[in-house]
Every structure is written in structure tokens, then in C-alpha cells.
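Values in this document were obtained by computation on a predicted structure and should not be read as measured data. Here is how names work: the chains are called A, B, and so on, in the same order as the sequence lines, proteins then strands, and each is numbered from 1. Only this structure's heavy atoms are used, side chains among them; waters, hydrogens and symmetry mates stay out.
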Amino acid sequence: MKLPHFEYEAPASLDEAVALLVAGDGSARPIAGGQSFVPVMAFRLAEPSMLVDLRNIPGLDKIEITDAGVRIGAMVRWRDVLDDARLVEALPLLPAAIDHVAHYQIRNRGTVGGSLAHADPAAEMPTIALTCDAVLEVVGSKGQRSVKAADLFMGPLMTSLESDEIITSVLLPAWPADRRWAFQEFARRRGDFALAGIALFYDEDASGAAHNVHIGAISVGDTPLRLAKAEAVLNGRKIDEAAIAEAAAAASAEVDPSGDIHASARYRKSLVGTLLSRALQGAANRKAK
Amino acid sequence: MKSSTHPQNTYIGGHVERVEDYRFLRGEGQYLDDISRPGQWHAAFLRSSLAHGTIRKIDASAALAMPGVHAVMTAADIEGNIPTIPFRRPNPTIGPYAQPIIAREKVRYFGEPIAMVLADTAELAEDALQHVVVEIDALPAVIERVHAMSDAVLIFEDTKTNIPTVFNAEKGDIEAAFAGAHYVIRDQFATQRQTALPMETRGLLAEWDAQLGQLTVSGAAKLPFFNRTTMANMMNLPEEAVDYIELDVGGGFGARGEFYPEDYLLALGARKFNRPIKWIEDRREHLMAIGHSREASCDVELAFSKEGVILGMRGDLYINIGAYVRPNGMTPVRNAAQFMSGPYRIPAIDLDAHAFVSNKTPAGTYRGPGRYEGCFFIERLMDQAAGALGIDRLELRRRNLLTHEEMPYPLATVLPSDGRAETQCDSGDHREPFETVVKESNWAEKAHLQGQLIDGRYHGMAIGSFIEGGASGPQENVRMQLEADGIVSLYAGSSAIGQGLETVLAQIAADYLELPMERIRVFHGSTTYLKQGWGSYGSRATVMGGNAVIDAAKKLLGEFRLHAAKRLGLAPEELTITEGVARAADGRSVPLVEVAKDGINVDGFFKNQTPTYTYGSAFAHVAVDPGTGHIEILDYVVADDVGRIINSMTLHGQVMGAAVQGFGSVFSEELVYNDEGQLLVGSLADYLIPLATDYPVVRCISLENYPSPTNPLGAKGAGEGGIIPVGGVVANAVANALSSLGVQPKILPLSPSRVWELIEDARARA
């Protein structure tokens, strides 16, 4: 579990970083906090020729809140998210989810962009991005482009990014003040990879019926998932006991998780329903501001 | 309880802080990885990726061509037979199952060493591993009990069976006991494969001095003297030509410090190439290479009278000991048979403990070996029997717990003998810690919570009891030397594995010498300090080492008296010695420091073949979330009687640490293999040990009502007891919580997934 040999550069600009990736011809990798990818290297599951460290590139570590929403720089660390008191109002789902990320040592180093690029279906940030209809800004040899979170995740640890593309920021669209939301996750120990997790929000119309229901699921597929059938159950309905039970059943039915050494597939399927039901109860009972 | 024969106490029994902690907290600990030598090479081990197979070819040429790679050693580098690792507890039938120090024709487990790469750095050595080509023809992997015990595939082709030994534990008339029974409960249970997981992985630095013909092995733990003898024999060197040096050790728990294949290979490389060779195990190889333990199952029966008195216990235990019999691989097996009766009065016993080999990592001891497993089995039977008999669970135990009047109480005799066939509980009244726990847990006030669904969680409670063997014989040695500055240097054969040995031995020495603790300096564990010593295993260091300290202290004071008397021109008996000063009746005195130049140096011994038996009880209050299968420990109380408390802080540290380690056993730790015999657990993200924040509520109560009659201190070994009852107590509390559903946990661990499935299946049945 010693690291394989690799070259290391820490350029001061995105242009230089992209040039290094281009020169690496697919075998150079950008690295941010290193909390996921360095262990992958130590296990010799990846042996990049070069690590291009993004730490010296200015401007990637800002959290900006505008009318469009919350823009988070790729090098923003989990600790920065949790320390930013504005987010509790601007996007409360985000800090609630990030509070479940690993252990504090890891939260001090791990980054938003790194987690999105790593694309672990058991991680929180990819599911938050997907649930919130986030849009990523990426830069590469062909210039800058925007990528919807829904188009990013292709499989476990696989994204649609080119090997010379670097995520620079992610925009989470603006959040109405009276939006209802909840985050539920269950892991074997606090900070471990989730056995399953649910992130959700919805808005209510004047009659109290839910609309714009967004439900994301963690760790029950090859990628972060939106639970479209459970969303369809709830859209246009009041979130009461019957609706919750129906949505939970739909959620369990529409996921097809695999079993592993930590939990059976059957358990994970059920857990999605349990967590969705608890999340909906929490969202419905949360006092509106 | 203090005997009048003890000197004035100041330290023993006190709340004395660990003297080791200053060193650790200042970052001044010296672990193996803190040590390096100029010109040293680093070793990395190529390990089998198959569980069972025949080695066809090993080609290291590409690895050897890499810059900085100096050698790749394989079985071909060893002339004649491949040496096997000797047994610490031999018995007549295990010979053919010993582990060769490197695989030659066959590999028998995933992780078995095939080659050792020596290179300038650990990174280079690991790079080179990827370039050693090994071809292995796969043989069928034998993983599970039924397959292994069928002998359909023999793991050792020269033997007739995969069952090296069946230990029988016997006592009384078992036929009569069951014939006269009013009620018999029979059931099957299983505990999962685990390892002790010391936080510091194994590591050694081997150095060869060609001119002196001297081998020095740094990084010793647990039993340096036995390992020195083993190494000397295997290397064909005189014992004096081998030194084992103990450094700070990040935990042992029975697994670290045994003699492993790597120990020999590192020494062999150091000698062959005349280079210091260093190796630190990484966590992935640690999980596949260090001794595993605890993979046990059973089919057992308890016979009761109408009044709930246990009449007899019989049945079969099955222990998966992995691919080879390691130095103490049979200890958990024979222990499970001998100690399953635990704290209960059982007049007739007939248990067969079957040790079977499989294509998994070889097993050894882990804290409370065999006792944890046996306690889970019998405590689960006791609670189920209480329900069937209609007797309150606590009352059923009260009718069967051993009392002071019955001491010494003989346990079952275990044959074939490994030197410990017969044993007996030495002293105590098992009802006392039990009632202490009943009271401290507020059982009566909480009893109404049992089985209740409160805020979405089911509440349950249980109390179980245990015995813990300690003070492993046969002897421990210490040496005391009076230094020029009046400090007393204490050299102990016991080794420190994080348990606070320096503190405890210094306390005992200080009390018996009547000196401040600051004047005692403790050195331990290395073979350079003493001609012979034993070490720290089987909860022995405080009892065996501590009593040897008393012997040395008395001798040192005797020497002080002689030398002081000479200076004063008096007969020795005319002097009074108190607090480091010899005083004559006429007012003249000689302080200890003054006789230092006389060169006072004494040896102390303690010989004892009689184990001590600490005993105790534990309480758990759990809340079970039926939606997630999560179990929260709301309260946990453990009380044990240790004969005599030397240091309540280190004692509580041992008990609390062991209890939390037990929660890891019950809930989350498991070494999972697939059907091909590959270990699926490769990191601490897979092997889930308890975190410091996971179990905030563990309360310890220590009693010292019945000193052990086996030793002058009256102390009993106390390092393991805390872990023994955890499986049984927690599983019973979960059964109690889920009693409305009829859930009976029989297999550990109680992972969320397993608990949820138990609940779902029970609901489906209902």
C-alpha cells in the first residue's frame, strides 16, 4: 500500500494544468484533496504517470451566493461548506448532507470538485448535485463548457469528462426560502460510506400540495440516482401518511442495488423506502420559516 | 480487602496515572517504524492470490532487473526441508499441520508468503512485487465447515483428515444428567471470523553481525524469549547469539508478537546478505496475514431440573482454524471446550471441540480466546431456557452461579492435554458482581422497558456472566539493580503491549521497596536484560511479573540490610529499614544510595502453574431500530472481581477497552471470504472497528473481595474479561427487545442488515 511512482506538478493556472493533462495523454490525472484518489493509488488500482495538483490555481475556492443560486468552486473543502453560515439559509440541504461526509480529518481536505469528479455513487456530493439540478463548469483543451449533473455520472467512478477536463465550479440553482427538504443517510458507523441515503426537496402550492419533487438516492446504484417513480407519486399530492407510504414503496421498487460485505441487496432496497419515509416525515414536519 | 502481610500501601490500589503516557503524549514513543539503520533494505512479501493451489513457476527475473531491487528470495533459496513454525502448545496429532515459513509446492491460503523482495525502499520493493511472475494451478478451495470436515479435499495430502484434533471436555456422569432432566434446550450458534487488529501493524528489523555471529531482531512483542529460542533453533544458532529487542508496541491482543513466517524470512535475508532488513506490514496484508480467530459454531445442549438447576451440558463445537496450526492455534479450540461452562455450576459436561483446517488464514488467539465464543453460546442457551422453563432470567442465573463455598471449583478436564488439562476456579463468589450489576444497572426500575416499542425503537436488556483465566505459567523473572544515584532499575521479563506495564510494576516495586515511584525505572521485554523471561499473554504480566517484583524487592532490601549493617558494624537484624533508610537503635542511619557503590543486583522469580480466575457480570440495555436494523447501546455496565486491584485506572482502561472491542465483535467486524477463498476485506473501510465516539456509555466496577490464593499479591489477570460476555449479553438484550416478534439471534455479527432480516423474516412467519 505504498504509492506507485508518479510525476507531480502543481501549476499556477488552469491553462498550465490543462496543458499538463494534454501532454499526459490520458495517463495524467488532476488531483484536489486526494482523499479518495490517493488510497486508490496506494491499492495500485490506478497508476497515473502524473498528478496535476490544483492547489496553486487561484479562484477555485470560493462560495458565491447570487440570484442564480450557490456557485461552489471546485477546490472548496467540506470544512468550508460546513463553516459557511450563509448556506444554512441559501441551500440548507447541502450542509445537512455534507455533515455526513467521512470523518473530520477527511472533511478538512476533501473537496467538492474532487468528489464530483471521483463519481462515487456512495458519496453525498454527487447525489446532491444530481438532486438539485446542478450545472458544472469544466475547462479543457477544447475550452470551457457547462455540464449538467444529470449528464455527468456514467457509472461507478466514471464520468463523461474528457481526460484533459477539469471541473472549476458547480452551480446549485437558487432555493426558495419556504422550500421543504430533508436528508437521511444510514451508514454502519458515522462517517462510513452510506448503505443508502436520500436527499429530497419539494415546493408546496397554496393548497399545500407538493410539486417540483426532487428525490435523490445514494449508494443504491452504479451512479447517484433520481427516484422518478417516487417523485411521480408525490407530485401534486399533499404529503400525508398515505402518500409517504406509497412513495416509499415506489422507491424501494424502483431501485436495484447490489449486495456486498456490508449489506444485502434486499436490505438496501428496503432501506431506501425506510429512509425516504423518514425524510418525508421530517420535511413535512419541519416548521416553515 | 488488604492483608496484614502486605507492607504499607501507597501506590498499589491507588489512582496512579500511567508513567508511559508522558512519553506517548510528547510524541517520544519509539515504534518499529521510528527505527532505521544505514544501508538497510526493505522487504515486501509476495502473497498467494489463490486460496489453494499448486505452484508451477516463480519467475523473478523482471523484478531483479529493476534498479534498487537486490534480491527475491523464494523457497528455492532454502536448502533441504522448509522449516515449520513450532507449536507453543503441542499435542500428539498436530505435527503435520505446522506452517512452513514459505510456500514451496502448494499454497493453502490467500495471503500465504511465496517470495520476499528486498530493495532499497519499501516503495521499490512493492513495485517489484508486481513484476514477479507466479503461476499457480488452482485446487478446490475448502472454506466452510461441512466441506472441510467431509475430508473430500484433503488440505494436507499426507494426512487422512482435515481435523487435526478433537478436544474433549469431560466431567461427571453426562448420561445420568440428561436422563434425569426435566427440560433440555438444544441449539446451534456461530461467531464470525475476526482478527485482533492492533493499531500498529506488525513489523520487524533484523540485523546480522557477521563478525560476532549475532542476530538482533527489533520489534518484539508478547513473548520475546520464546521467539528467541524458536529463532535460534530454526537458524541453527546458540540462543545467546539471538537478541529480541522490544520497542513501544501499538497493541497486541493475542495476535501481535507470535512467531510468524515473515519473522524467519527477514532474519534469513539479513544473515544471507549481511544487511539490516526492515519490514512494516501494511493494513491490507495485515488483514490477510496476522492470526485470525473466533470462527466457531456449535450444536449444544443444556439439561435442567424443574427448578432450573443445570444438570449437564453436552454437544459439539467446531472451530475453523485456517490453513495451518500456528504456535497457539489450538488455544481457542481447547479453551472453548473447557470454559464454555463459565461461571455456572455444571456437574456433568461432555463437549467435543473439533478443530478443522480450511483454505483461510491460519488462526491464533484473540483476547479471551475461546471464552468469548463459549460465553455467547451458553448465555444464549440460558436466556432461551429461562423462557421455556418460565423462570425469570436473573433468577435462573442466581440458581446456578458459583459461590464462595464451592471454591476451588474444578472445570471440565480437556484431553488431549496441551499441558493444561485440569484447572479450577481459584476463589470468589460469582453472585457478587452479578448482584452489583443488577443494582448498578437499575434493573428493577428499567424492567418494564423490556420488549417495549418506544419512539420507533424496541428496548431490551440482559445480564450475563463470565470467567477469565489469567496468570499463565510457568514463571516470570525480574532483575533489580541499585544504581549510583539511588534509582532502582527494574528489568522485567514481561513485555509491554500497551497495558501500562511500566506503571504497574513500578507501583509494586515502589510499595515493596518503600520508595517513591520516581525512583523506580522499568525496563522490559528485551532478551538483553535477562537470561530468561516469558512475556505478556494469557493475562499474566501483572500477576507473574508483579509477584517476581515482590521477590526481587525483598531480596534487594535484604542486600541493603547486609551492606548497611557492615558499614555500621552491627548485625543485620539490629537494623530497621523504612522508606529507603536503614536505621540503628543508636540513631545512626545509612540511606540506600550509600550502598549503591557496592554493586547491588538481585534476581527475582515467581513460579506458578495455577491460573487465576477473575469473574464478573455485564449488563446491556439496547434500542433496536426495526427500519434500519441499527442497535444502539444505551447503557452497559460491567463488574468484575480481580482479586486485588493494583491500579484502578489501568484496570478500567483494560475492561472498558475490551468491552468496546467486544462491540466491534458483536456489530461490525468480520473477515468475509468468497467461495473461492479470497478475503474480501482489504482495509479499515471494510473491517469496521469501533471508533472512539461510537460507544460512549460503558461503566466499569471493580471488586477485590476475594484475593487469589495462588500468589502473594492476591491479584488475578484482568486484561481479557471485558470482552468475554459482550456477544452473549448484547445478543440476549436484542432477543429481549424483539421478544414480541420471537427473534432469536444465533449468528454474529448483528449487522444492521442481519438484524433487519431477522425482523423481516419473523414478521413474515407471523
Query - A:R189 and B:T693, any side-chain heavy atoms less than 4.5 Å apart - result: no
Report task. Report the C-alpha separation of B:L691 and A:H103 in whole Å, then their side-chain angles, then the decisive distance to 0.1 Å, and conclude whether the side chain to side chain contact (heavy atoms under 4.5 Å, CB included) test is met. Result -> CA-CA 11 Å; B:L691 306 178; A:H103 308 282; 3.5 Å; yes
Requested in this report: Would you check if there is a donor-acceptor pair between the side chains of A:S270 and B:E760 at a distance under 3.5 Å?
Outcome: no
Requested in this report: Step through the shown structure and confirm whether more than 12 heavy atoms of other residues, nucleotides or ligands are within 6.0 Å of CZ on A:R107.
Outcome: yes
Query - Contact class of A:R266 relative to chain B, heavy atoms under 4.5 angstrom - result: both
Report task. Report yes if some heavy atom in the side chain of B:P752 is under 4.5 Å from a heavy atom in the side chain of A:R188; otherwise report no. Result -> yes
Query - Over 12 foreign heavy atoms within 6.0 Å of CG, B:D34 - result: yes
Requested in this report: Could you tell me whether the side chain of A:Y267 and the main chain of B:V755 form a donor-acceptor pair under 3.5 Å?
Outcome: no
Report task. Go through the atoms of A:A42 and report whether side chain, backbone, both or neither lie under 4.5 Å from a heavy atom of chain B. Result -> backbone
Query - Top of B:I689, B:N674, B:D694 for chain A proximity - count of heavy-atom pairs under 4.5 angstrom - result: B:I689
**Report entry** Gap between atom OG1 of A:T274 and atom CH2 of B:W756 - 0.5 Å precision
**Finding:** 8.0 Å
Query raised in the report: Are side-chain heavy atoms of B:T121 and A:K2 found at a separation under 4.5 Å?
Result: no
Query raised in the report: From B:S753 OG over to A:I261 CD1, what is the distance, rounded to the nearest 0.5 angstrom?
Result: 12.0 Å
Report summary line: Rounded to the nearest 0.5 angstrom, the CG-OG1 distance for A:L275 and B:T628 is 8.0 Å
Query raised in the report: Crowded around A:R79 CZ? As in, over 12 foreign heavy atoms under 6.0 Å?
Result: yes
Query raised in the report: Hey, does the side chain of B:E123 reach the backbone of A:L3 with a donor-acceptor pair shorter than 3.5 angstrom?
Result: no
Query raised in the report: Is the number of heavy atoms from other residues, nucleotides or ligands under 6.0 Å of B:E632 CD greater than 12?
Result: yes
Report task. Can you establish whether the number of heavy atoms outside B:Y31 located under 6.0 Å from its atom OH is more than 12? Result -> yes
**Report entry** Backbone of A:A263 reached by a side-chain donor or acceptor of B:R754 within 3.5 Å
**Finding:** no
Query raised in the report: How long is the span from the OG atom in B:S683 to the CE atom in A:M1, to the nearest 0.5 Å?
Result: 6.5 Å
Requested in this report: Mark yes when over 12 heavy atoms from residues, nucleotides or ligands other than A:F193 sit less than 6.0 Å from its CZ; otherwise mark no.
Outcome: no
**Report entry** NE2 on B:H630 to CG on A:L195, rounded to 0.5 Å
**Finding:** 10.5 Å
Query raised in the report: Do other residues, nucleotides or ligands put more than 12 heavy atoms under 6.0 Å from the CZ atom of A:R55?
Result: no
Query - Check: B:D127 and A:R44 side chains under 4.5 Å, non-hydrogen atoms - result: yes
Query raised in the report: Step by step, would you call B:Q130 with A:E47 a side chain to side chain contact (heavy atoms under 4.5 Å, CB included)?
Result: CA-CA 12 Å; B:Q130 294 171 291; A:E47 301 197 19; 2.9 Å; yes
